[in-house]
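Single-structure report; data block below.
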There are 2 protein chains.
Amino acid sequence: MSTAEETRGGDTEPWSEVTPDAARRLLIAAVEAFAERGYHATTTRDIAGRAGMSPAALYIHYKTKEELLHRISRIGHDRALDILRTAARGEGGPAERLADAVSSFVRWHAGRRTTALVVQYELDALGPEARAEIVALRRQCDAEVRGIIEDGVATGEFEVLDLKGTTLAVLSLCIDVARWFNVDGPRTPDEVGALYADLVLRMVGAKAPAAAQK
Amino acid sequence: MSTAEETRGGDTEPWSEVTPDAARRLLIAAVEAFAERGYHATTTRDIAGRAGMSPAALYIHYKTKEELLHRISRIGHDRALDILRTAARGEGGPAERLADAVSSFVRWHAGRRTTALVVQYELDALGPEARAEIVALRRQCDAEVRGIIEDGVATGEFEVLDLKGTTLAVLSLCIDVARWFNVDGPRTPDEVGALYADLVLRMVGAKAPAAAQK
DNA sequence: GGGCACTCTAAGCGCCCGCTCAGCTTCGGC
DNA sequence: GCCGAAGCTGAGCGGGCGCTTAGAGTGCCC
């Protein structure tokens with residue numbers, strides 16, 4: 001039922017799961033518009049226009065404007081969770097896995113900035129049920145990161161005073177990259193990922209400081 | 001021309017500089033509405049209603065809805081910059097001043113969460129000129145924090161690989177508190193401030209780890 | 001106590017929003 | 001070559017938006 005590529009954690013072509021083609025074009029147009037102006041300031045006419053279609057065409061593929069945001073948010077959070085899970089279940093020690101999680105998570109927020117912006121900052125525009133579904137995914141993201149840090153504390157490699165608070169801070173730090181990252185700025189997503197991995201290892205008091213950077 | 005209390009860095013009663021009373025009530029109502037629903041999703045009727053006035057009353061005190069946001073943003077950024085400046089020009093060493101800056105900055109973002117949310121996340125809703133004015137203030141905030149970290153590097157107390165990147169990350173971490181902080185949650189603003197001061201000292205590789213916490 | 005500045009309201013203007021619907025085109029099956 | 005399904009458009013609906021205007025109420029100066 002699915003091609004092989006979309007089942008693994010690799011960086012698949014984004015939005016390939018959205019079909020038919022017109023629906024995907026509309027969704028991509030919506031991501032760009034939402035990221036530029038915000039959900040509420042974006043009109044359905046703008047979205048349809050960017051996709052090269054009439055305003056009415058949107059409603060053939062999506063019931064409402066909110067359903068568009070919901071689909072975007074769902075797919076984005078699935079991807080984010082997938083990134084964190086892949087890193088958390090990797091082979092190295094806690095420091096290596098945490099550095100991996102942070103650098104790849106940050107790389108996604110910087111490299112796919114428009115998507116990440118919508119996914120992370122437009123949550124409140126969703127209705128209660130859709131929002132609850134997304135919040136559950138966020139909690140799973142939190143649990144993955146907390147798990148890695150817990151492992152590090154257990155082995156004595158990390159030294160943290162407040163596990164939940166530190167986890168929250170680490171995720172918050174990574175997520176906020178989507179707000180300030182500038183594609184035309186001096187840093188590449190890879191560079192920011194490496195910098196942030198180092199900063200986070202310091203935050204958890206990792207014993208071997210400059211070791212893990214892959 | 002001004003009472004003494006508003007010239008120093010103390011926690012003055014917020015919005016006391018906005019007069020007359022009706023204008024202040026409207027502005028406070030706008031802060032609450034913008035924080036709850038976002039600038040674009042907030043109607044002028046909603047703002048006026050919260051302030052207990054008719055929709056038209058808003059336009060006696062403010063030319064447009066955007067001017068309201070501009071005033072809020074300006075006052076908020078002035079306050080944020082004041083907080084950072086006060087800490088940066090304090091008496092202690094770099095570690096103490098950095099911890100002071102982070103804890104008080106975070107305390108503001110948590111304790112005045114609604115204001116901070118609007119101030120930090122609705123920047124894009126401003127027009128070009130107003131936006132440019134606010135961006136200049138943000139750069140000054142950045143410079144204050146960067147200055148402290150530079151001092152610490154100069155004295156050998158801090159060890160950072162990327163000064164600009166680390167500064168950006170520290171500010172980003174603090175600002176994002178406004179997004180996730182929950183007034184009804186388990187943490188007080190003071191606790192988050194203390195936690196974050198510790199995390200930031202770790203990020204800059206401060207030598208005396210658990211010393212500064214006032 | 002008349003005039004005036006200030007504050008606020010009721011009513012509403014013009015516009016654009018999310019969304020709908022009747023009808024046109026295209027295309028595969030037989 | 002006809003038919004129905006699917007995809008899409010042009011026109012437009014009901015409604016709420018930001019903002020304006022005419023005028024009423026209030027208090028202060030002289």
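Letters A, B, ... are given to chains in the order of the sequence lines, protein chains preceding strands, and every chain is numbered from 1.
Rounded to an integer number of Å, the gap from CG of A:L58 to P of C:dT20 is 11 Å. Per the geometry, NE2 belonging to B:H40 stands 11 Å off P belonging to D:dG18, to the nearest Å. Between the CZ atom of A:F34 and the C1' atom of C:dG18 there is a distance of 12 Å, rounded to whole Å. Spacing between atom CZ of B:R45 and atom P of C:dC13 amounts to 13 Å, rounded to whole angstrom units. Nucleotide D:dG18 holds its P atom 16 Å from the OH atom of B:Y62, rounded to whole Å. We find that CG of A:D46 is positioned 13 Å from C1' of C:dC17, with the value rounded to whole Å. Atom NZ in A:K65 sits roughly 16 Å away from atom P in C:dC16 (whole-Å rounding). A:I60 has its CD1 atom 16 Å from the P atom of C:dG23, to the nearest Å.
Judged purely by atom type and a 3.5 angstrom limit, B:R97 has no side-chain atom pairing as donor or acceptor with the backbone of B:I148.
At its two ends the helix from C:dG1-D:dC30 to C:dC30-D:dG1 runs along axes set 0° apart, each axis drawn from five pairs and the angle rounded to 10°.
Side chains of B:Q120 and B:H109: a donor-acceptor N/O pair is present below 3.5 angstrom, by distance only. For B:E133 and B:H70, the side-chain atoms include at least one donor-acceptor pair closer than 3.5 Å.
Under a 4.0 Å N-O distance rule, the pair A:R179/A:D176 qualifies as a salt bridge. Checked for salt-bridge contact, B:R89 and B:E144 meet the test: a charged N lies under 4.0 Å from a carboxylate O.
Within the structure, every side-chain polar atom (N or O) of A:S54 is placed at least 4.0 Å from both OP1 and OP2 of D:dC8. Remark: A:Y59 is not in phosphate contact with C:dT20, judged by side-chain N or O atoms under 4.0 Å from OP1 or OP2. Contact check, B:H61 against C:dC8: a side-chain N or O comes under 4.0 Å of OP1 or OP2.
Checked against D:dC19, C:dC19, D:dT21, the side chain of B:T64 finds its nearest nucleotide in D:dC19. Taking only side-chain atoms of B:T43, from C-beta outward, the nucleotide of C:dA10, C:dC8, D:dG18 with the closest atom is D:dG18. Nearest to the side chain of B:P20, among D:dC17, C:dT7, D:dT9, sits C:dT7. Minimum atom distance to the side chain of B:A22 is reached by C:dC8, of the listed D:dC19, D:dG7, C:dC8.
Here CG of A:L201 is found 6.0 Å from CZ of A:F158. Values are rounded to the nearest 0.5 Å.
Nearest heavy-atom pair across A:P20 and A:H61 is CG-CE1, 3.9 Å.
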